[in-house]
Asks: 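My structure is below; once you've seen it, I'll send some questions.
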There are 2 protein chains.
Amino acid sequence: MINRITQKEIAKHMNVSISTVSKALKDSYEISKDLRHKIQAYAKQNKYFPNPIALNLKNKSSQTIALILPEIIHHFFSSVIKGIEEVIHNNGYNLIISLTQDSLEKEIQNVENLAQKNVDGFILCLSKETQWNNSIAHIQEAIDTGHPVVLFDRVTDLVECDKVISNDYESAIQVTNNLLAEGRRKIGLITTQDFISVGTLRTKGYEDALNKLGIEVDRSRILKVSNVDNSNEEIKEFIDKSEVDAIIGVNETFTAQALMHLRKKGKSVPEDISLVTFSDGLLSTFTSPNLTALDQQGMQMGMASATLLIKRLEAKAKKRQAPLFKTEIIETKWIKRDSTKKQF
Amino acid sequence: MINRITQKEIAKHMNVSISTVSKALKDSYEISKDLRHKIQAYAKQNKYFPNPIALNLKNKSSQTIALILPEIIHHFFSSVIKGIEEVIHNNGYNLIISLTQDSLEKEIQNVENLAQKNVDGFILCLSKETQWNNSIAHIQEAIDTGHPVVLFDRVTDLVECDKVISNDYESAIQVTNNLLAEGRRKIGLITTQDFISVGTLRTKGYEDALNKLGIEVDRSRILKVSNVDNSNEEIKEFIDKSEVDAIIGVNETFTAQALMHLRKKGKSVPEDISLVTFSDGLLSTFTSPNLTALDQQGMQMGMASATLLIKRLEAKAKKRQAPLFKTEIIETKWIKRDSTKKQF
DNA sequence: CTGAAAGCGCTTACAG
DNA sequence: CTGAAAGCGCTTACAG
């Protein structure tokens with residue numbers, strides 16, 4: 001910044017010391033009312049603002065929170081960002097965003113780099129590679145060096161910290177039950193690889209719901225997409241060869257791709273096959289038929305994450321006892337559209 | 001940050017002065033080779049890293065760039081962010097993101113706040129309100145106080161600075177010509193209000209292309225959506241009452257909504273009506289039929305913006321002459337899909 | 001009620 | 001070749 005007035009200049013102009021200015025500006029009782037007001041008036045008139053960098057150096061706090069994400073081009077992540085942004089700015093913090101592109105190495109770099117720059121804390125969604133390798137040393141180190149972390153969506157048990165997740169397991173049970181109630185018995189699942197925490201939970205919910213009704217889980221009805229960039233091919237093949245009367249997709253793209261291939265095969269949705277997707281977004285309302293969805297409430301997840309982090313930071317700033325670590329569960333919202341039968 | 005080793009501690013341990021340490025770490029010829037190496041070795045071993053905040057205070061630079069956006073939940077903006085993020089991180093800068101929600105007040109707050117925090121420069125897409133009011137004092141002030149600004153997509157002539165835009169006018173001419181070549185004569189346009197720079201340019205291109213062929217512009221075939229949150233209603237009404245044999249939509253949502261209502265009316269695309277959308281994204285590939293689109297190349301726009309800004313910052317850092325202000329034009333990419341006829 | 005001094009972590013012109 | 005001093009802008013314990 002160029003041309004900003006400093007305490008030094010105010011001091012010079014008022015013929016007092018810098019310490020006096022500093023105290024007057026904080027309305028300290030140490031300074032006579034008269035002088036205090038004069039200094040404040042002059043400061044205001046000259047648009048004085050404390051230099052945040054100097055405060056940062058002094059306080060070792062930057063009033064900045066870092067958000068580290070795998071990707072950004074997804075409705076879910078955009079919504080999360082929106083929620084975080086709102087809470088963070090309402091509380092006077094700034095938000096730094098870094099992307100990992102699902103690479104562990106980039107995640108480590110980002111965390112170390114930002115910790116060095118004195119961000120006050122992290123909100124983080126683990127990269128695929130991180131979950132795959134279970135390497136969380138960088139997260140632990142961030143915490144150990146005094147940077148609180150909130151994990152959301154893709155989390156890990158290996159780190160003790162605040163977490164925000166959807167009720168993925170329960171939602172999967174619910175979806176499966178709803179499809180069973182429609183009379184579906186050959187329910188398929190299109191999901192991600194097992195190492196992704198969210199996918200695993202959903203798969204488990206699906207399996208448990210089936211088992212509970214004594215229906216055997218048929219592995220051939222589960223597709224674990226191995227290469228997300230090639231999901232369309234894998235899904236095509238899956239649709240071609242597997243016999244299903246309903247499909248649960250773990251995200252919109254998978255589900256919409258499944259829909260496309262079903263239609264090409266001449267199947268009608270929801271007459272022949274019901275379709276439900278996790279993670280509601282733009283897409284679901286524009287396919288034909290529209291997709292019944294479980295909205296993950298990204299914005300709420302973002303807001304919850306930011307709130308948890310800020311509470312912890314405030315406790316720290318006020319030297320109050322740190323709150324206990326908490327895992328907040330955001331309930332998914334069932335959005336009934338046209339890709340499932342209407343009867344319930 | 002807690003527990004990081006400082007030059008002071010190194011100095012103490014090595015029994016030298018802090019200045020010596022500082023110089024040795026910068027490999028200054030002033031320090032004897034021997035001492036220099038010893039200090040460097042010790043620093044490395046103890047994972048010394050300079051405190052970025054201290055450097056910031058000293059240099060009045062934070063190695064941080066602020067990105068200010070109206071919204072984030074759009075494929076276009078997500079792509080832009082991705083491009084910016086990549087360039088910025090490859091150059092050792094950090095990225096701060098703030099959203100304006102299309103409000104002028106929030107835009108002003110963000111710019112002032114971040115300028116105060118010594119961000120090195122801004123990349124900014126003007127909010128609707130800013131364009132509507134033509135209030136750019138805050139942008140000018142940021143520039144005047146030494147924070148270079150790059151405007152992208154929604155820009156203004158009122159500020160002299162680097163800019164990155166699509167060739168909106170030319171693209172609109174091209175789309176219109178292509179539709180004319182298909183034999184369409186009653187081409188409709190669904191766009192935004194006039195004060196948005198991008199929308200105006202596209203409308204003008206559309207009009208000029210028609211005029212050039214001696215076709216009169218029929219105002220009833222142009223919809224300027226007044227309330228974006230209510231676009232679906234406005235578009236429904238437009239589709240119901242206006243006679244068109246082709247529609248150009250200024251973004252995916254508008255175009256997909258138009259498609260939905262056309263289908264409900266029993267029109268077939270592209271047999272009865274051709275559809276083209278600006279701003280390619282996820283949606284266009286999942287509607288049926290898929291939408292022919294003009295991809296705005298968000299990622300390229302982001303990369304170009306970041307590159308322009310960084311060049312200017314580097315010039316400043318090296319006290320070289322500032323480059324001339326530049327307006328970079330990113331060409332849209334024509335993506336032929338199924339919502340237009342195939343014959344060309 | 002006011003101010004000098006030391007400090008946050010670093011740099012650099014100057015002295016020796 | 002090495003270091004003391006001043007400075008970036010602010011805070012605060014201490015002295016008067």
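Worth knowing before you read on, the calculation uses all heavy atoms, side chains too, and leaves out hydrogens, waters and symmetry mates. Letters A, B, ... mirror the listed sequences (proteins, then strands); counts begin at 1.
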Asks: Any heavy-atom pair between the side chains of B:F77 and A:I72 that's under 4.5 Å?
Replies: no
Asks: Are side-chain heavy atoms of B:N94 and B:Q63 found at a separation under 4.5 Å?
Replies: no
Asks: Starting at CG of B:D34 and ending at P of D:dC1, how long is that distance when rounded to a whole Å?
Replies: 10 Å
Asks: Counting only Watson-Crick pairs (N1-N3 plus N6-O4 or O6-N4) and G-U wobbles (N1-O2, O6-N3), all under 3.5 Å, who is the partner of D:dA4?
Replies: none
Asks: Looking at side-chain heavy atoms only, is the closest gap between A:V21 and A:M14 below 4.5 Å?
Replies: no
Asks: Between A:D120 and A:K60, does any NZ, NE, NH1 or NH2 come within less than 4.0 Å of an OD or OE carboxylate oxygen?
Replies: no
Asks: Name the pairs: protein N/O against N/O of nucleotides 2-4 of chain D, kept only if under 3.5 Å.
Replies:
residue : atom : partner : partner atom : Å
D:dT2   : OP2  : B:S32   : N            : 3.0
D:dT2   : OP2  : B:S32   : OG           : 3.1
D:dT2   : O4   : B:E30   : OE1          : 3.3
D:dG3   : OP2  : B:S17   : N            : 3.2
D:dG3   : OP2  : B:T20   : OG1          : 2.6
D:dG3   : O6   : B:K23   : NZ           : 2.3
D:dA4   : N7   : B:S19   : OG           : 3.1
D:dA4   : N6   : B:S19   : OG           : 3.1

Asks: Do B:F76 and B:E71 touch side chain to side chain, with heavy atoms closer than 4.5 Å?
Replies: no
Asks: What is the minimum heavy-atom distance between B:H89 and A:S98, and which atoms define it?
Replies: CE1-OG, 3.2 Å
Asks: Under 3.5 Å between N/O atoms: give me all the protein pairs with nucleotides 6-10 of chain D, atom names plus distance.
Replies:
residue : atom : partner : partner atom : Å
D:dG7   : N2   : B:K58   : NZ           : 2.8
D:dG7   : N3   : B:K58   : NZ           : 3.2
D:dC8   : OP2  : A:K8    : NZ           : 3.1
D:dC8   : O3'  : B:K60   : NZ           : 3.2
D:dG9   : OP1  : B:K60   : NZ           : 2.7
D:dC10  : OP1  : A:Y48   : OH           : 2.7
D:dC10  : OP1  : A:N51   : N            : 3.0
D:dC10  : OP2  : A:Q7    : N            : 2.8

Asks: Can a salt bridge be assigned to the pair B:D27 and B:K33 using a cut-off of 4.0 Å between side-chain N and carboxylate O?
Replies: no
Asks: Give me the distance, rounded to whole Å, that separates C:dA4 from D:dA6 when you measure between the P atoms they each carry.
Replies: 15 Å
Asks: Taking a pair as Watson-Crick or G-U wobble with both distances under 3.5 Å, which nucleotide is matched to D:dA13?
Replies: none
Asks: Could you tell me whether B:E129 and B:K106 make a salt bridge, using a distance below 4.0 angstrom between a side-chain N and a carboxylate O?
Replies: no
